[in-house]
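Counting convention: from 1, in listed order, for ligands and their atoms alike. Computed from a predicted model, the values in this text were never measured in an experiment.
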Amino acid sequence: MEMGKNIAVIGSGYVGLTTGTCLADLGNKVICVDNNEEKIAGLKNCKIPIFEPGLELLIKRNSLEKRLEFSTDIADATKKSDLVFLCVGTPPKENGETDLSAIENVTREIAKASNGYKIIVQKSTVPVNTAVGLKGIMKQYIKTEFDTAVNPEFLKEGSAVYDFMNPDRIVIGTESEKAYAELAEMYKPLNAPILHTDINSAELIKHLSNAMLAQKISTINLIAMLCEKTNADIETVAKGVGMDKRIGPDFLKAGIGYGGFCFPKDLDALIYILKKNGLDSGLFEKVRDINYDIRNHFARKISERFDKEGGLEGKIIGILGLAFKPNTDDIRLAPSTDIINKLKSKKAKIKAYDPKAMENSRKILEMEYCDNLYSAAENCDALLILTEWQEFKDMDLTRIRGSMKKPLIFDGRNIYNKERMKNLGFEYYCIGR
Ligand code: UGA
C-alpha cells in the first residue's frame with residue numbers, strides 16, 4: 001500500500017482539528033499543533049475541546065493507530081512534515097478587516113523552522129491576495145525550497161467530518177504543478193471533483209461561497225416578512241423557488257437568521273475588500289442588515305404579544321436552543337444571544353435549555369439553565385424555539401402544553417406544522433407563515 005504523507009496542521013480549532021483528524025483517517029501521518037497547551041494536553045488524552053459529531057471516534061482511532069499526534073511545537077511539526085496546513089483563526093477587526101497577525105506569525109515560524117522542501121497550504125479563510133503576502137513572508141525567512149497553495153475548507157459545523165469526507169468539490173489554488181500533484185494525490189481517496197485554480201481565485205471562491213449562502217438566507221428571510229403581511233407561506237414559497245435547479249433547495253430555510261463565526265465575519269471581510277477596491281458593497285451590507293432585521297422582527301413579535309398583558313416584565317420565558325445551529329456547542333454570534341438579551345432588557349425571566357451549548361453559554365449569559373427541555377418549559381408564559389435540534393422536533397407537545405402557564409410558542413425555526421399546533425391547543429407564532 002502507498003504510504004501516506006507527513007502533514008502538520010497548524011491551529012487545532014474546528015477547521016484544523018477536523019481537517020487533521022480526517023487526513024489521518026485517510027492514511028496520512030498528521031501532527032495537529034496549537035498554542036493552547038491545555039487544549040493539546042487534553043487532546044493527547046483524547047479529550048475533545050469541541051462537540052462535533054463523529055470527531056471523537058476518529059481522534060481516538062487515529063491516535064491509537066499512531067497516525068495522529070498533538071503538539072504545541074510548530075518548528076518540530078514543520079521539520080517532521082512535507083505539507084504544512086495553516087488553519088489558524090483569522091478573526092475580524094472592529095472595521096471588518098481581517099486580522100492576519102496570527103497567520104503571519106505562524107508563517108514566519110514555519111519558514112524559520114523549514115529543513116527541506118515544504119508545501120505550505122493555506123486553509124484559513126482570508127481575504128483575496130493574502131496568500132501572495134504570506135509567500136513574501138516565507139521568502140524572507142526560509143532557506144529551503146517551498147511552494148504555496150490555497151485550499152479553502154467548506155466544512156459546516158455539526159457535520160464537519162461528513163463534509164470533509166464527502167465534498168462537493170475540492171479547490172486547490174497553486175501556481176506549482178508539484179504542489180498541485182501532491183495535494184490532488186492526498187485527496188484522491190475522497191473521489192471528489194478537484195478544481196485547480198490560481199491562488200487569488202481560490203481565496204475568493206471561499207469568501208463568495210459563504211457570502212452567497214448568507215445572501216440566500218437573508219433573501220428568504222426578507223420574503224418571510226413579506227409573507228406575513230400578504231398572507232403567503234414562506235415554506236411553500238421556498239419550496240417552489242428551490243425546485244428551480246438554477247436556484248436549488250438548500251439554504252432557503254426561513255428563521256431567525258444565520259449566526260456562527262463564519263458567515264458574519266466573512267461577509268464583513270468581503271464588504272471591507274469591496275470598499276477597499278472602490279466597489280459597491282451595498283448588496284452584502286443589505287444581506288447583513290436583513291439578518292439583524294429578522295431577529296428584531298421576531299423579538300418584536302414576542303413583546304407585542306405581551307403588550308396586551310402589561311409587557312414582559314416578570315414573565316417567565318422558556319428558551320429551547322442556544323447554539324447558532326443544531327449539532328454544535330458553538331454559540332458564537334448566535335441569534336439566540338441577541339434575542340435573549342432583548343427579552344432580559346424588558347425584565348423577562350429566562351429559563352433556557354440546549355442539548356450541547358449550555359456550558360459555552362454560561363460563560364456569557366446569566367440566566368437559569370435547565371437540565372432538560374421539559375423543565376425549561378415548565379410554568380412558562382411562553383416558550384421560544386431558537387435552534388432546530390432534533391429533540392425539540394420530537395418533543396411531547398401535549399406534555400409541554402400541560403406544564404406551561406400558557407400554551408404559547410414562538411418558533412424561530414419553523415419546526416412545527418401550524419395546523420397540528422392549533423389542534424393541540426397552542427397559540428403558535430412562527431416566521432413567514
Ligand atoms: C458555513 C458554510 O456553510 C461552510 O461551507 C463553511 O465552510 C463554513 O461556514 C466556514 O466558513 O467555516 P457553518 O457556519 O458551520 O458553515 O454552518 P451553516 O450550516 O452554513 O449555517 C450557518 C447559519 O445559517 C446557521 O446559523 C444556520 O442556522 C443558518 N441557516 C442555514 C439558516 O438560517 N437557513 C438556512 O437555510 C441554512
- request: Evaluate whether atom CG of Asn95 has more than 12 neighbouring non-hydrogen atoms of other residues, nucleotides or ligands under 6.0 angstrom away.
  value: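 Yes - once you tally the heavy atoms of other residues, nucleotides and ligands closer than 6.0 Å, there are more than 12.
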message: Please enumerate all residues that pass ring-ring contact (aromatic ring centres under 6.0 Å, His included) together with Tyr369, with sequence neighbours excluded.
response: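 By the ring-ring contact (aromatic ring centres under 6.0 Å, His included) rule, Tyr369 matches no residue at all.
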Closest protein heavy atom to [atom], given as residue, atom name and distance to 0.1 Å:
{"atom": "atom 14 (O) of ligand 1", "answer": "Phe324 CE1, 3.7 Å"}
{"atom": "atom 22 (C) of ligand 1", "answer": "Phe263 CE1, 3.6 Å"}
{"atom": "atom 3 (O) of ligand 1", "answer": "Lys156 CG, 3.5 Å"}
{"atom": "atom 37 (C) of ligand 1", "answer": "Phe251 CD2, 3.4 Å"}
{"atom": "atom 36 (O) of ligand 1", "answer": "Lys253 N, 2.9 Å"}
{"atom": "atom 10 (C) of ligand 1", "answer": "Cys262 SG, 3.0 Å"}
{"atom": "atom 4 (C) of ligand 1", "answer": "Leu155 O, 3.4 Å"}
{"atom": "atom 18 (P) of ligand 1", "answer": "Lys325 NZ, 3.5 Å"}

If we ignore hydrogens and angles and just use 3.5 Å, is the side chain of [X] paired with the main-chain N or O of [Y] as donor and acceptor?
{"X": "Lys206", "Y": "Glu153", "result": "yes"}
{"X": "Arg413", "Y": "Gly255", "result": "no"}
{"X": "Thr174", "Y": "Thr148", "result": "yes"}
{"X": "Thr90", "Y": "Leu100", "result": "no"}
{"X": "Glu368", "Y": "Ile350", "result": "no"}
{"X": "Asp268", "Y": "Gly96", "result": "no"}
{"X": "Thr328", "Y": "Glu157", "result": "no"}

Short list, please: which atoms of ligand 1 are under 4.0 Å from a heavy atom of [X]?
{"X": "Tyr258", "answer": "23 (C), 24 (O), 26 (O), 29 (C)"}
{"X": "Leu252", "answer": "36 (O)"}
{"X": "Arg413", "answer": "28 (O), 33 (O)"}
{"X": "Glu153", "answer": "7 (O), 10 (C), 11 (O), 12 (O)"}

task: Please lay out, stage by stage, how Lys265 and Asn210 fare under the test side chain to side chain donor-acceptor pair (under 3.5 Å).
output: CA-CA 10 Å; Lys265 132 178 115 65; Asn210 275 3; over 6 Å; no
message: Under 3.5 Å between any N/O of Glu157 and any N/O of ligand 1: does that happen in this structure?
response: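 Min N/O separation from ligand 1 is below 3.5 Å for Glu157.
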So for [X], does at least one of its heavy atoms come nearer than 4.0 angstrom to any atom of ligand 1?
{"X": "Lys216", "answer": "no"}
{"X": "Gly259", "answer": "yes"}
{"X": "Gly260", "answer": "no"}

- request: Compare Ile217, Asn327, Asp168 and give the one whose heavy atom is closest to atom 32 (C) of ligand 1.
  value: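 Shortest heavy-atom distance from atom 32 (C) of ligand 1: Ile217.
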Which segment of Phe261 sits under 4.0 Å of ligand 1 when only heavy atoms are counted: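 Under 4.0 Å from ligand 1, Phe261 contributes no heavy atoms.
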message: Distance check, rounded to the nearest 0.5 Å: Asn45 atom CG versus Lys60 atom NZ?
response: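 Those atoms lie 11.0 Å apart.
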